[in-house]
S.K.: 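Pasting a structure below so you can have a look.
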Amino acid sequence: MSNHIPCYQPIRDDEMALSKAEKSIKALSAERNDRWYPLFHIASNGGWINDPNGLCFYKGRWHVYYQLHPFSATWGPMHWGHVSSADMITWRREPIAMAPTLEQEKDGVFSGSAAIDDDGTLTFFYTGHRWANGHDGSDGEWQVQMLAEATDDNAIHLKKLGMIIDCPREAVDSHFRDPKVWKQGDTWYLIHGVSSANKRGQIWLYTSNDLVHWNFDRVLFEHDDPQVFMLECPDFYPLQDNAGHTWWVLCFSAMGSKAKGFMNRNVNNAGYLVGSWEPGSAFHPLREFKLWDWGHNFYAPQSFRAPDGRQIMYGWMSPFIPPIPMQDDGWCGQLTLPREITVDEQGDVRSNPVNEITQLRIDDITCGSLSLNANEHRVLIEDAQAVEIEMDIDIAHSSAERVGLKIHSTDDGAYTYVAYDAQIQRVVIDRQATAYGDRGYRAAPVPVETEHLNSLKLRIFVDRGSVEVFINEGTEAMSSYSFPSAGRRSAILMSESGEALISSVHIHHLKSIGLDTDQPA
Ligand code: FRU
């Protein structure tokens, strides 16, 4: 498990593989239907995307890479797509960064992360993926960890250096992937997800002095639920609270966890544990497991430490359950807004859109305080295809069973409901009346014993095919796809079976981040 020098075995020409992928994306994007294509979320211009990868700030630009299948809008042999930005507001589409061209990654360049090495070189760690039987997943997977580095200041050209961690296949039930790397003191650390030989979800920890030679340190964490067989995309970082206390946050995307009540409703579920850790020791959880996001479509988040000290996380809005209508439009998948992760003195973690997002606002339409009669509908805004709605609901002075917003509301009666449900004391995204795609509802808790008891603060981001909700300043978040019908998309206030008092509403039209139109090559 240790002291492997990079093993480098090309099987395809990089340039040819990348240009074939670019051609395919171009063809898909020329035919793309934009009815649900995001205006202010990162997506590929065509094809399928999943996890955010290689997040970093390097030489004056923010970089987001992502898992990309360029040949259709379904999952397939993975490449790395790439966008970059000088300000996290306007984004530039970059050439595809990696295609599977080495023996160890024959069937895909899987997820991974970025680190800037001691000489200032931007370095990437990712998983090389092969099907164990050489052609499909029926006999499992054969995965190893790989190294690459950027050769230009814009991090467009990635030079692959080969395999750095081989898979001890006798100790692993085929899943062995998603390296995340960081430095502490003089030592580099790497974690990745594992399904152990007896099918337990684990996170393995390694150390290195040079980013090339890695020594297995320990199993950092094993999930206590025996049904959880794999922890994808692990992430691990310290956060300081205002009193200067350090909390370690261990994140993972669990495969195999079963739904229980409102928890773990999605096929796979991403969350975190807050605890303590010292190099050379085990991780000790101090708090209960929490989901990052309670929506229908959140998975495989990755975070990075920005030069200004912020911990910034992107998630993938995983479609999970068919039908997946955007696949008919030549593209599939988008990332969430970038979220800043913070911790308070109790060890409670919050996630809020990074401050830069407020610069997407074009206007500020203020509605003041509004009271609604029982069962009243009130149109708030008629052109709500890309908006942020800030809304404070006075719960103490509302008797409604549900109070909230019908977004993506179209003339045919379709809508998606974002509401506070007083009976279950949760914020709900209900897709029962949504025009296309999977339905069902999800519900995020609203802690009652807090300073927010009387007022519920919501920030609701409506894009062309999705809704993202931040509750009480990032205490909880929700991300769901919502695919509206044709025509005008309104947002309608609703008070169900009781009155509602909304103490303030601000509506902001949001501008595009620049990825929805073709950019010059
Ligand atoms: C998570 C994941 C990762 C893997 C990648 C493959 O969504 O399954 O574990 O590296 O996607 O696309």
Side-chain angles (χ1 to χ4, degrees), residues 21 42-44 47-55 64-82 96-100 104-114 124-132 136-137 140-148 163 165 167 172-181 190-196 201-204 223 228-235 251-257 266-271 292-293 296-303 313-321 324 332-336 479:
I42 292 172
S44 174
W48 161 284
I49 76 164
N50 48 284
D51 321 351
N53 290 160
L55 304 177
V64 172
Y65 302 81
Y66 48 81
Q67 290 282 283
L68 167 70
H69 180 231
F71 300 114
S72 76
T74 55
W75 190 89
M78 280 294 134
H79 294 53
W80 274 33
H82 181 199
I96 296 171
M98 287 201 281
Q104 290 76 10
E105 57 186 39
K106 181 157 77 68
D107 297 314
V109 286
F110 271 18
S111 282
S113 58
F124 296 90
F125 303 85
Y126 65 98
T127 295
H129 164 78
R130 274 173 283 187
W131 299 120
D136 65 27
E141 315 177 5
W142 179 8
Q143 296 171 336
V144 298
Q145 315 318 330
M146 312 288 288
L147 181 66
M163 177 177 70
I165 299 178
C167 181
V172 169
D173 185 44
S174 90
H175 303 276
F176 187 78
R177 59 177 174 267
D178 307 338
K180 178 80 200 284
V181 170
L190 181 152
I191 52 167
H192 65 68
V194 177
S195 185
S196 68
Q202 296 183 341
I203 297 171
W204 288 14
H223 202 285
V228 170
F229 62 90
M230 172 62 183
L231 301 176
E232 298 187 294
C233 303
D235 200 350
C251 319
F252 47 82
S253 292
M255 301 175 85
S257 48
N266 295 330
V267 174
N268 298 319
N269 297 278
W292 276 120
D293 185 295
H296 298 76
N297 304 106
F298 182 90
Y299 197 59
Q302 179 178 108
S303 74
M313 178 177 85
Y314 280 90
W316 161 46
M317 289 192 61
S318 166
F320 286 125
I321 295 177
I324 304 174
C332 185
Q334 68 184 41
L335 304 184
T336 62
S479 311

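FYI, side chains are in, hydrogens and waters are out, and symmetry mates aren't considered; it's all heavy atoms of this structure. The model shown is predicted, which means the values in this text are computed figures rather than measured ones. Atoms within a ligand are numbered from 1 in the order they appear, just like the ligands themselves.
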S.K.: Which residue in the set E141, R177, H175 passes side chain to side chain contact (heavy atoms under 4.5 Å, CB included) when paired with S195?
M.R.: H175
S.K.: Quick one: does D51 get an N or O within less than 3.5 Å of an N or O on ligand 1?
M.R.: yes
S.K.: When the ring centroid of W204 is compared with that of F176, is the distance short of 6.0 Å?
M.R.: yes
S.K.: Under 4.0 Å, counting heavy atoms only: does T127 come that close to any atom of ligand 1?
M.R.: no
S.K.: Taking side-chain contact (heavy atoms from CB on, under 4.5 Å) as the definition, give me every residue that meets it alongside P234, ordered by chain and number, with sequence neighbours left out.
M.R.: D178, I191, I203
S.K.: Which of the atoms of ligand 1 are close to M78, meaning less than 4.0 Å from one of its heavy atoms?
M.R.: 12 (O)
S.K.: Can the ring centres of H223 and F252 be said to be less than 6.0 Å apart?
M.R.: yes
S.K.: In terms of atom number and element, which parts of ligand 1 are under 4.0 angstrom from non-hydrogen atoms of N50?
M.R.: 5 (C), 6 (C), 7 (O), 11 (O), 12 (O)
S.K.: Can you list the atoms of ligand 1 that are under 4.0 Å from a heavy atom of E232?
M.R.: 1 (C), 2 (C), 3 (C), 8 (O), 9 (O)
S.K.: List ligand 1 atoms under 4.0 Å from D178, heavy atoms only on the residue side.
M.R.: 3 (C), 4 (C), 9 (O), 10 (O)
S.K.: Specify the protein heavy atom at minimum distance from atom 12 (O) of ligand 1: its residue, its atom name, and the distance to 0.1 Å.
M.R.: Q67 OE1, 2.7 Å
S.K.: Short list, please: which atoms of ligand 1 are under 4.0 Å from a heavy atom of F110?
M.R.: 4 (C), 6 (C), 10 (O)
S.K.: Using 30° and 60° as the class limits, which term best fits the ring planes of Y65 and H82: parallel, tilted or perpendicular?
M.R.: parallel
S.K.: Show the atoms of ligand 1 that are less than 4.0 angstrom away from any heavy atom in W316.
M.R.: 7 (O)
S.K.: Which atoms of ligand 1 sit under 4.0 Å from any heavy atom of S111?
M.R.: 5 (C), 10 (O)
S.K.: So, for Y299 and F320, is the gap between ring centers shorter than 6.0 Å?
M.R.: yes
S.K.: Determine, stepwise, if the pair D235 / Q302 fulfils side-chain hydrogen bond (donor to acceptor under 3.5 Å, both in side chains).
M.R.: CA-CA 7 Å; D235 200 350; Q302 179 178 108; over 6 Å; no
